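What you see is a predicted model, and the numbers here were worked out from it, not measured in a lab. All residue numbers in this chain count up from 1 along the given sequence.
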Amino acid sequence: MNKKHLILYIIILLLITVRVVAIFVIPLADTTEARYGHIAYIMATSNDWITPYFDQNVPFWGKPPFSFWMQAISYKIFGMHDFSARVPSMIFTIFSIGLIFHYLRTFYTFTSALWGVIIYLGFLLVFILSGAILTDPYLAFATTLSMISFMMVMKNQPSYWGYLFFLGIAIGLLTKGPLTLVLIGGALCLWLLFDPINRFAELKKLPYIKGGAVALIISLPWYIIAEIKTPGFLNYFIIGEHFQRFLDSGWNGDLYGSAHKQPKGKIWILWLAAAFPWVFVVLYGSIKNIKNSVAILKNSNEFAYFFAWSVFTMLFFTMSGNILVTYILPALSPLAILIAIYLLQYDFEIKVKRFNILYILALITPLAAIIATVYLVIFPNKLNTQNGLIAKYENIKKQNQPIYFIDDRTFSAEYYSKDNAILVSNNAHAIRSKSNYINYTQFKQKLQDTQDTQDTICIAIYKKSVDKVIEHFDLNLKKIYEDNMFILFVGQYNDLNSSIKTSNKP
């Protein structure tokens, strides 16, 4: 092993180690991680592998189940821990890395393959999502599998790559749905535009009948069974999630949250952050080769392919008003390959005062992650999670005593309390698609029914609403814990109708 390869191995090990440590020490945060972790928890405990549930008895129609299957299986294997739901995302990110490595190792050099891994893992968005409870790492793997497979087919590699192309589509359909077909098909169409006559012939190399049958056999049965089990799923998922969400920036039909309204075209600004720090190489190479860009796209089949794959996602979401930065993830696999191929001409050495600045770029993400992880460990309340609050509640509760969240309840509260967090609200929107809740009248009655006991009651109140809530329910409480969103109070049941007073001493 030469010295350069040893350095690259160390950087890769550092990237993976830092991310794995963060998986274990950082709790699940609101909203997405805690929400999806809770959905997977319900699947694992209920053993219902057909319908993901947003809440107890509330079906989740927003996503197909593949990512929840993986997380629920991980729960079954490793137990109900935070890292259990995160491990599958890391595994599928490593699968994506394996495809990038294999392609570059097969057609270029071992060194370029190592750099391709470093670049991909070093993208800020990839690093963050590689250990996060989201559907995007699974979609990124699915599209990477399909697109790399097609390139292997074009380069006359073994025939099984043609079937892997359709396997990627099947996984994507079970992860994000028809969006997979849009991202893969759209990238291929854009690639064709640069030289339609010659490149159209390449498409004929795919085993459409047998491969398409494989994709349908794997993915279609779940869609049919899911609609039979919970009628209305297909209409909401296909029409609502894929058309109305894309076309209507103010879409109010989201059953499980709200639309992510953003200015049209902002996806490109988000891309700059997602591809950091390697975006500087992209900008440098683009400016340097802008005069020859059209000729390169027409004459270089490979460059045009990875370019079309990398930019189509942004082009597609340019006109959408509902976007998240996570949507960019499928576009970063081809970008890592393009950067690795581009830097190969410099032998992966761009020096400033005898120092290779590529090493600086490679170390930015892991060093920043170390700082961020240490910061969140020291100041856990800076993270949007009720992990600490629920832990405090678990220490003071008696038997199966619930905790009441007045007016607002986060997903992390549901997840960490194992559905023992009861929402108290009169707001119809707040309780939409939620279970385990009561209204104000029911809560007052529950307090009155338990006045004669000597047990404590646990109440979590949103910080801005403390005075209003205490006055409304005429509460006598003692402050126990505070995070960045809620304050946890306890009080005696027989004190609840006494005069309004609170103690802020923990």
Side-chain angles (χ1 to χ4, degrees), residues 19 22-24 26-93 125-126 128-142 171-172 174-177 179-180 222 226 233 236-237 241 245 254-260 322 324-327 329-330 383-387 390 409-419 421 433-436:
R19 193 63 188 94
I23 286 175
F24 280 86
I26 298 178
L28 271 57
D30 289 302
T31 56
T32 305
E33 265 211 307
R35 174 174 60 176
Y36 287 173
H38 187 236
I39 291 173
Y41 164 77
I42 295 175
M43 178 175 283
T45 54
S46 68
N47 287 314
D48 186 337
W49 300 90
I50 300 299
T51 303
Y53 281 89
F54 181 76
D55 208 336
Q56 297 295 339
N57 303 315
V58 180
F60 181 63
W61 290 344
K63 298 288 187 298
F66 186 81
S67 64
F68 305 122
W69 286 342
M70 298 300 104
Q71 294 154 18
I73 291 171
S74 186
Y75 277 137
K76 294 284 190 180
I77 296 173
F78 301 111
M80 299 297 176
H81 307 290
D82 291 355
F83 73 86
S84 301
R86 286 170 165 164
V87 164
S89 291
M90 174 61 76
I91 292 174
F92 275 81
T93 299
L125 183 64
V126 173
I128 293 173
L129 298 190
S130 62
I133 306 175
L134 294 165
T135 58
D136 302 274
Y138 305 91
L139 175 64
F141 166 71
I171 294 173
L174 288 172
T175 300
K176 282 269 192 174
L179 176 64
T180 305
W222 175 81
F233 156 69
Y236 176 83
F237 180 64
E241 289 284 345
R245 179 184 291 279
D254 195 327
L255 295 176
Y256 313 103
S258 59
H260 314 293
N322 291 315
L324 291 171
V325 66
T326 55
Y327 295 176
L329 188 63
L383 196 65
N384 288 330
T385 178
Q386 272 58 69
N387 175 47
I390 296 299
R409 180 186 63 195
T410 62
F411 295 107
S412 62
E414 290 184 89
Y415 173 80
Y416 283 109
S417 71
K418 298 298 184 285
D419 289 321
S433 295
K434 289 183 175 65
S435 62
N436 206 20

For the side chain of S74 and the backbone of M70, is there at least one donor-acceptor N/O pair under 3.5 Å apart?
no
Heavy-atom closest pair, residues L129 and D136:
CD1-CB, 4.2 Å
Nearest heavy-atom neighbours spanning P64 and L174
CB-O, 3.0 Å
Nearest non-hydrogen partners of L125 and V325, listed with the distance:
CD2-O, 3.4 Å
Using 30° and 60° as the class boundaries, would you call the ring planes of Y41 and Y415 parallel, tilted or perpendicular?
perpendicular
Output all residues satisfying side chain to side chain contact (heavy atoms under 4.5 Å, CB included) with S435, sequence neighbours left out; order by chain, then residue number.
D55, Q56, V58
Backbone N/O of I26 and side chain of D82: donor-acceptor pair under 3.5 Å
no
Ring-face cation contact, F68 with K63, 6.0 Å cut, 45° max
no
Please work out which of the three classes, parallel, tilted or perpendicular, describes the rings of F78 and F83, given edges at 30° and 60°.
tilted
What about the rings of F92 and W69, do their centers lie closer together than 6.0 Å?
no
Determine the minimum heavy-atom distance between Y416 and L28, stating which atoms define it.
OH-N, 2.8 Å
Under 3.5 Å, is there a donor-acceptor pair between the side chain of N384 and the main chain of D30?
no
